[in-house]
Structures are given as C-alpha cells and as structure tokens.
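Below you'll find the structure, written out as structure tokens, and then a few comments.
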Amino acid sequence: MRRYSISMKVFVLFCCLWAVIVEAEYLKYKDPKQPMVTRIKDLMKRMTLEEKIGQMTQIERKVASVDVMKQYFIGSVLSGGGSVPAPKASAEDWINMVNDIQKAALSTRLGIPMIYGIDAVHGHNNVYNATIFPHNIGLATALEVRATGIPYAFAPCIAVCRDPRWGRCYESYSEDHKIVRTMTEIIPGLQGDLPANSRKGVPFVGGKSNVAACAKHFVGDGGTVRGIDENNTVINSNGLYGIHMPAYYDSIIKGVSTVMVSYSSWNGVKMHAHRDLVTGFLKGKLNFRGFVISDWQGIDRITSPPHDNYTYSVQAGVSAGIDMVMVPNNYTEFIDTLTQLVKDNVIPMSRIDDAVKRILRVKFTMGLFENPLADLSLVNQLGSQEHRELAREAVRKSLVLLKNGKSASQPLLPLPKKTPKILVAGSHADNLGYQCGGWTIEWQGAAGNDLTVGTTILSAIKKTVDPSTQVVSQQNPDANFVKSNEFDYAIVVVGEVPYAEMFGDSPNLTITDPGPSTINNVCGAVKCVVVVASGRPVVLEPYVDKIDALVAAWLPGTEGQGVTDVLFGDYGFTGKLARTWFKSVDQLPMNVGDRHYDPLFPFGFGLTTQPVKMN
C-alpha cells in the first residue's frame with residue numbers, strides 16, 4: 001500500500017512537471033522566431049479582462065510602485081513634465097528607476113513588459129545635462145532618451161499653428177502644412193528608417209538606439225479660435241483635412257508607432273470623444289495600426305467641468321477609439337470604471353481586444369519582450385559633445401536675420417570680433433532658462449543658469465570675440481550709461497519668459513519687460529543688433545526703426561554659441577521665417593495666402609550674410 005502511495009506521488013509529480021514543460025513549450029508569445037500575429041494571438045488568449053485593461057492604463061511614475069504594477073498589470077508608465085527620479089538625476093539614476101518599474105511588470109503572471117514614455121520635445125528636456133535643441137532633432141533625441149533607459153517619446157508635435165497667440169506655437173514647425181509635412185522626417189530620426197518592404201500604417205521601431213514616436217495632437221490643435229489652448233477649432237472639412245490632417249498621412253506612411261489625441265474640439269465636438277475621426281478616419285481610412293493614446297487626463301476633460309461624469313468620459317473616450325489612457329494618477333478609478341462598463345456590455349469586448357492588440361503590436365515591434373531592461377551602454381550619449389555640436393548647427397541654421405543695417409549699403413552684421421569695447425544688454429543675454437523656454441527640466445521651464453548644463457549667449461560672445469575686446473554686460477542700462485561709455489556696438493538680447501501650454505496663451509504678444517525700454521535706451525545711443533529669443537513672432541513694429549540689425553533666435557536651447565556663430569560671421573545667416581511676422585495683434589489670425597496679408601516680415605523672409613573668410 002505504501003509503495004503504491006509513493007508511486008502515485010511520483011506519478012502526480014511527473015504529471016505536474018510535464019504540464020509545466022508543455023505550458024513552457026506553448027508560450028509562443030515569448031518566442032521571437034514566431035510571426036508577430038501568432039505571438040499577439042497567443043498572448044491575448046491567455047489574458048484576463050483585468051490584464052487587458054491593465055495594458056490600456058498609463059500611470060505617472062510617482063504612483064508606479066512595485067505593488068501597483070503587479071496588482072493592476074499596468075501596461076505603461078510616464079514622466080510628466082518635470083517628473084524626475086531626483087533633482088539633477090544622472091542617466092544611471094533614470095535607468096535604475098525605469099528598470100525597477102519594469103522588473104515589477106515582468107514579475108506578473110504573463111510577464112508583459114511595460115512601456116515607459118516621456119515628453120522629449122526639444123531634446124531629452126526633462127533630464128539634467130541633456131542637449132536642449134532649438135527644434136526636434138530626431139536621431140540625437142532618440143539616443144539621449146534611450147541613454148536613460150526610456151524607449152518612448154511623446155514627439156513630434158505636428159500641429160499647424162495658425163495663430164501665434166497659442167501657447168504651444170513653439171511646438172509647431174510652421175503655419176504652413178507643407179513645412180510640417182516635411183518635418184515628419186523626424187519620425188524615422190526617432191524610430192529608425194523604415195524597411196523597404198514595410199506595410200503602410202504598421203508601426204516600426206528600429207532597435208535599441210531608437211524610440212517609439214508619437215504624432216500629436218490629433219487633430220486641429222493649432223487652429224483653435226484666438227489661439228486659446230485646448231479650445232475649439234472652427235473650420236470646415238476642407239480646412240481640417242487640407243491644413244491640419246496632411247502631416248498625419250505622412251506620419252503613418254513613415255511607420256509612427258502612436259498617435260496622441262488633442263484636448264481641443266472640432267466644431268464643438270471634443271477630439272477625445274470623436275469616434276468618426278479617431279476610429280473612422282485615423283484607424284479606418286488611414287489604416288493606422290499602432291495605438292492611440294489620450295493626453296494627460298484627456299478623457300476627464302471630455303466633460304466641462306473636467307471629471308464631472310467620469311463614467312461617461314471613459315465610455316466616450318474608449319468608444320471613440322482611444323487605446324491607452326494617460327490616466328495618470330487615479331488609476332483605480334479608471335480601471336474599476338472601464339471594467340464595469342465592459343461587464344455591463346456598454347463597451348464591447350471587441351473594443352478592448354482591438355486596443356490591447358495595438359498596444360502589444362507596438363511592444364513586440366520595439367523588441368520589449370526580448371530586451372525589456374535598459375543597460376548602461378548609451379549613458380555617454382547624454383549631453384555628448386557630438387549632440388551639442390549638432391544642436392549648435394541647428395541653432396545657427398534656424399536663426400532668421402530680419403534686418404541688417406539702416407540701409408542695405410551699410411550692413412551691421414557680421415560684427416567684428418576685434419574692437420575696443422562692446423555692450424551686451426537685455427534680460428535674455430545671460431539666462432540659460434530663458435534661452436531654452438518651456439518644457440525644460442520643469443514643465444513650465446525656469447529662469448537662471450543652474451537648471452541644466454549649457455552656454456548662454458553672453459558666455460558665447462565672450463568666447464568668440466578677440467581677447468583684447470572688452471565686453472561690458474548690463475541687463476538694463478540707462479541711456480546715459482550707454483552714451484557715456486563710447487561702445488563700438490551693442491548686442492541686446494530680449495524676448496519672452498518660459499511658458500508651456502495654456503500658460504503661454506497671450507492676447508498681446510509683447511516682449512517681456514524691461515525688454516522694450518532696454519531696446520530704446522541702447523539702440524537710441526549706439527549701433528545695435530537686437531536678438532529676440534521667443535517661441536513665436538512678437539510685437540516688434542514700434543522698435544524696428546531704432547534697431548540697426550534684428551535677429552529672430554526663437555528658443556535656441558543650451559547651445560548659445562550657435563547664435564554667435566552667425567552674429568560674428570563664422571557662418572552666414574541662411575534661415576527663413578516658417579511663420580508670418582505680424583505688425584499688430586489686431587491682424588491675427590493672419591497666415592500666408594490670406595486675402596488681407598500685410599505682415600511686418602512675410603512668411604519665407606530671411607536676409608542672408610556670407611561667412612567672413614579667416615586670415
């Protein structure tokens with residue numbers, strides 16, 4: 001009897017082991033040799049409703065504890081603007097944080113890796129010591145994001161800003177959709193070049209030095225009435241499809257992995273609830289096969305006031321075709337609400353399966369199942385000299401020379417490097433934070449020179465001029481000081497203070513005080529070049545006649561030497577205006593091609609200079 005009992009135990013143990021082996025053999029989703037369709041199908045048939053809804057949930061890193069990741073099967077985590085593991089955190093600090101969260105995701109029953117996303121909109125802008133570019137430069141941004149262990153960037157913004165009063169205008173490449181379409185070339189810069197045999201609409205990410213991209217904000221975010229952020233875009237179908245939609249065609253053809261929905265409305269209907277555009281057009285007509293993600297609390301804002309009827313918001317957003325919801329904090333409320341809506345047959349299981357299939361497709365494409373954890377192999381890419389040189393090149397190529405001399409026969413630029421004494425004035429001359437603008441370390445950006453590593457315009461001037469040239473720096477000198485010092489010329493750097501999103505909405509678009517008085521005091525007394533550091537065209541008409549030379553520097557980022565490269569003639573000015581420079585805000589909105597087009601400087605304008613030959 002006892003022998004029989006031992007035999008039975010052995011038999012049961014053998015059966016259990018065999019079951020484990022069989023189970024392991026049939027985990028097709030873990031086999032990279034299997035076709036992706038097979039892997040997705042195999043994984044999805046194993047997933048419970050809880051695991052599927054977990055994949056659709058994106059939460060902020062501050063609430064992404066190990067227990068939360070495990071208990072709710074969370075599919076994605078993000079850093080909001082300014083959300084960092086520690087002040088001045090290193091690449092290693094970032095990698096350790098991301099890997100800790102990933103290990104929690106991998107320890108769940110099915111071991112589905114989470115995807116970590118971040119706003120890297122002009123370089124890896126949340127991260128100390130990262131290169132901050134004047135505009136998105138795809139490849140270097142991808143490397144710097146990957147250097148910190150993050151595989152997903154919420155970029156590019158392919159908005160077509162039709163009114164500079166909008167606080168996100170600097171995130172838009174142009175008022176002209178043709179330029180914005182051209183700039184979707186950043187997508188292969190971020191994700192890698194699409195293989196020749198790729199199917200249209202299928203997401204692509206090239207490897208461990210690339211990141212998944214996100215075309216945003218779908219659609220019409222740059223066309224709101226009076227440029228009010230998150231507001232209503234009032235335009236007919238021809239306008240929407242002809243101006244705001246074309247860059248999405250290009251993004252999808254280039255294999256963009258994700259699309260983020262806009263807070264704004266089209267003719268009164270919130271985009272987060274717009275099934276016809278999200279499911280009907282984007283997924284149906286354009287055949288987009290990646291996943292659609294909401295903006296931060298985007299579904300909450302379907303109602304006014306936000307979060308007023310959360311059950312309705314979840315139903316409307318998910319039914320519209322949103323696959324992943326950037327919750328980002330109240331994840332239990334979202335999960336419980338969506339679960340109940342499915343159990344009550346309000347949202348069909350087919351909609352959940354479509355969302356999860358799309359999310360898994362991107363994760364498999366990225367190689368997250370094979371390489372879920374980041375390593376230290378790219379840490380030296382963060383803020384590397386090569387990337388800083390690339391950013392410096394982008395600065396000098398994006399600067400636009402609007403005026404050069406009070407008469408064409410007497411140009412002021414390029415400036416001589418060797419001269420007895422020069423004045424550098426203005427609130428923006430020695431302020432790295434002002435130079436970089438919003439979305440830099442903090443969501444709203446910050447003032448001062450200690451927020452990250454870089455070169456201010458004043459420092460760049462001092463490095464560029466001849467050692468015998470005396471550089472006098474004063475932020476807001478009075479006219480007597482300027483007259484009595486006999487300066488050979490002055491460089492005045494003024495502009496806007498940093499802002500992001502709705503905090504940048506501006507009905508008047510004026511230069512920040514004391515900028516106007518600095519221009520009047522300095523340019524009334526000595527030959528001057530005014531450099532304007534701003535996210536968009538600002539009011540300049542009252543000062544233009546006083547100014548000898550005028551440069552639009554936009555928000556140049558950390559590499560101030562790109563400004564001095566062209567001021568002093570090491571390189572020539574080549575940049576052209578990608579948006580109309582108005583005379584008065586009363587003219588707005590005014591875009592190239594409009595009937596009553598009367599700008600201060602027209603779209604496409606930009607004077608050129610020749611580089612100075614070195615002896």
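As a basis for the values below, the full set of heavy atoms in this structure was taken, side chains included, without hydrogen atoms, waters or symmetry mates.
- Residues Asn126 and Gly81 come closest through the heavy atom pair OD1-C, 3.6 Å.
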Practice item. Test side-chain contact (heavy atoms from CB on, under 4.5 Å) on Leu382 and Val127 and set out the steps. Key: CA-CA 9 Å; Leu382 190 72; Val127 178; 3.8 Å; yes
Would you mind writing out the side-chain donor-acceptor pairs for residues 543-553 within the sub-3.5 Å range, not counting sequence neighbours?
unit_1: Lys546; atom_1: NZ; unit_2: Asn520; atom_2: OD1; d: 3.1
unit_1: Asp548; atom_1: OD2; unit_2: Cys528; atom_2: N; d: 2.9

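- For the 3.5 Å distance criterion, the side chains of Asn476 and Thr518 qualify, holding a donor opposite an acceptor.
- The residues Lys583 and Asp598 are annotated as salt-bridged, a charged nitrogen and a carboxylate oxygen being separated by less than 4.0 angstrom.
- The closest side-chain heavy-atom distance from Met260 to Ser294 is not below 4.5 Å.
- Between Trp166 and Asp221, some side-chain heavy-atom pair lies under the 4.5 Å cut-off.
- Gln191 has its side chain out of reach of Val211: every pair of non-hydrogen atoms, C-beta onward, lies at least 4.5 Å apart.
- Pro164 and Cys169 make their closest contact through CA-SG, 3.8 Å (heavy atoms, listed as atom of the first residue, atom of the second, distance).
- Not counting sequence neighbours, Glu389 has no partner by the salt bridge (charged side-chain N to carboxylate O under 4.0 Å, His left out) test.
- Side-chain contact between Val472 and Ile422 is absent, with no heavy-atom pair separated by less than 4.5 Å.
- Listed for the Gln475 side chain is no donor-acceptor partner under 3.5 Å among the backbone atoms of Ala425.
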Exercise for review: Step by step, work out the ring pair (Phe, Tyr, Trp, His ring centres under 6.0 Å) result for Tyr249 and Phe288.
Suggested key: CA-CA 9 Å; Tyr249 310 156; Phe288 173 59; over 10 Å; no
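- The aromatic rings of Phe605 and Phe601 lie parallel to each other, with less than 30° between the two planes, well short of the 60° mark.
- Atom NZ of Lys576 has more than 12 neighbouring heavy atoms from other residues, nucleotides or ligands inside a 6.0 Å radius.
- Once rounded to the nearest 0.5 Å, the distance linking NZ of Lys463 with CG of Leu458 reads 11.0 Å.
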Point to revise | Val362 and Ser257: CA distance, side-chain angles, deciding distance, side-chain contact (heavy atoms from CB on, under 4.5 Å) verdict | key: CA-CA 6 Å; Val362 171; Ser257 295; 4.1 Å; yes
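- In this structure, Asp565 contributes its side chain and Asp570 its backbone to no donor-acceptor pair below 3.5 Å.
- Note: Phe133 CZ to Glu393 CD = 10.5 Å, rounded to the nearest 0.5 Å.
- In this structure, the side chains of Asn508 and Val539 stay at 4.5 Å or more apart for every pair of heavy atoms.
- Minimum interatomic distance between Ser262 and Ser264 (heavy atoms only, all atoms of both residues): OG-OG, 2.6 Å.
- Taking 4.0 Å as the cut-off between side-chain N and carboxylate O, Asp466 and Lys417 do not count as a salt-bridged pair.
- Counting heavy atoms from C-beta on, the side chains of Val205 and Leu190 never come closer than 4.5 Å.
- Across Lys254 and Ile187, no two heavy atoms sit closer than the pair O-CG2, 3.9 Å.
- The backbone N or O of Pro416 lies less than 3.5 Å from a partner atom in the side chain of Tyr489, making a donor-acceptor pair.
- The closest side-chain donor-acceptor pair between Thr148 and His124 falls under 3.5 angstrom.
- Minimum interatomic distance between Ser209 and Ala142 (heavy atoms only, all atoms of both residues): O-CB, 3.9 Å.
- Using a 3.5 Å distance cut-off with no hydrogens or angles, the side chains of Thr131 and Glu559 do not pair a donor with an acceptor.
- Looking only at distances, no side-chain donor or acceptor of Glu501 sits under 3.5 Å from a matching main-chain atom of Asp229.
- A donor-acceptor pair under 3.5 Å links the side-chain atoms of Asn521 to the main chain of Pro477, judged by distance alone.
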Point to revise | Steps toward side-chain contact (heavy atoms from CB on, under 4.5 Å) verdict (Thr182, Lys178) | key: CA-CA 6 Å; Thr182 304; Lys178 293 190 284 297; 5.6 Å; no
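- Side-chain atoms of Leu540 and Leu600, non-hydrogen and from C-beta on, do get closer than 4.5 Å to each other.
- Between the Tyr263 side chain and the Trp296 main chain, a donor and an acceptor come within less than 3.5 Å of each other.
- There is a side-chain donor-acceptor pair under 3.5 Å between Trp439 and Glu171.
- Between Asp430 and Lys462 there is no salt bridge, since none of the side-chain N atoms of the basic residue sits less than 4.0 Å from a carboxylate O of the acidic one.
- Ring pair His428/Tyr434: centre-to-centre distance below 6.0 Å.
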Point to revise | Chi angles and distances behind the salt bridge (Lys or Arg N to Asp or Glu O under 4.0 Å) call for Lys418, Asp488 | key: CA-CA 10 Å; Lys418 189 170 185 177; Asp488 295 280; over 6 Å; no
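- At a threshold of 4.0 Å, the pair Glu175-Arg162 does not count as salt-bridged, since none of the basic side-chain nitrogens sits closer than that to a carboxylate oxygen.
- Side-chain contact annotation: Thr258 with Tyr152, donor-acceptor N/O pair under 3.5 Å present.
- Here Asp163 contributes atom CG and Asn231 contributes atom CG; the two are 11.0 Å apart, rounded to the nearest 0.5 Å.
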Practice item. Please assess Tyr116 against Ser79 for the test side chain to side chain donor-acceptor pair (under 3.5 Å), listing each intermediate value before the final yes or no. Key: CA-CA 8 Å; Tyr116 198 106; Ser79 275; 2.7 Å; yes
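- Formation of a donor-acceptor pair under 3.5 Å by the Ser534 side chain with backbone atoms of Arg536 is found in this model.
- Look at Arg165 and Asp505 and you find no salt bridge, because none of the NZ, NE, NH1 or NH2 atoms lies under 4.0 Å from a carboxylate O.
- Under the 30°/60° scheme for interplanar angles, the aromatic rings of Trp554 and Trp581 are found to be tilted.
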Point to revise | Verdict with reasoning, Tyr499 to Ser506, per side chain to side chain donor-acceptor pair (under 3.5 Å) | key: CA-CA 11 Å; Tyr499 54 80; Ser506 170; over 6 Å; no
**Study point:** side-chain contact (heavy atoms from CB on, under 4.5 Å) between Asn125 and His122, worked out
**Key:** CA-CA 6 Å; Asn125 45 261; His122 61 145; 3.6 Å; yes
Validation: residues 239-248 side-chain donor-acceptor distances under 3.5 Å, sequence neighbours left out:
unit_1: Tyr248; atom_1: OH; unit_2: His217; atom_2: N; d: 3.1
unit_1: Tyr248; atom_1: OH; unit_2: His217; atom_2: O; d: 3.1
unit_1: Tyr248; atom_1: OH; unit_2: Phe218; atom_2: N; d: 3.1

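- Leu282 has its side chain within reach of Val259: a pair of non-hydrogen atoms, C-beta onward, lies under 4.5 Å apart.
- No donor-acceptor pair closer than 3.5 Å links the side chain of Ser459 to the backbone N or O of Ile457.
- Judged by distance alone, the side chains of Ser584 and Glu541 never bring a donor and an acceptor atom under 3.5 Å apart.
- Judged by distance alone, the side chains of Ser90 and Tyr128 never bring a donor and an acceptor atom under 3.5 Å apart.
- In terms of heavy atoms, Ser251 sits closest to Ile158 at OG-CD1, 3.5 Å.
- Put simply, the side chain of Ser384 never gets that close to the backbone of Asn380: no donor and acceptor are under 3.5 Å apart.
- Side-chain atoms of Lys421 do not come within 3.5 Å of backbone N or O of Thr469 as any donor-acceptor pair.
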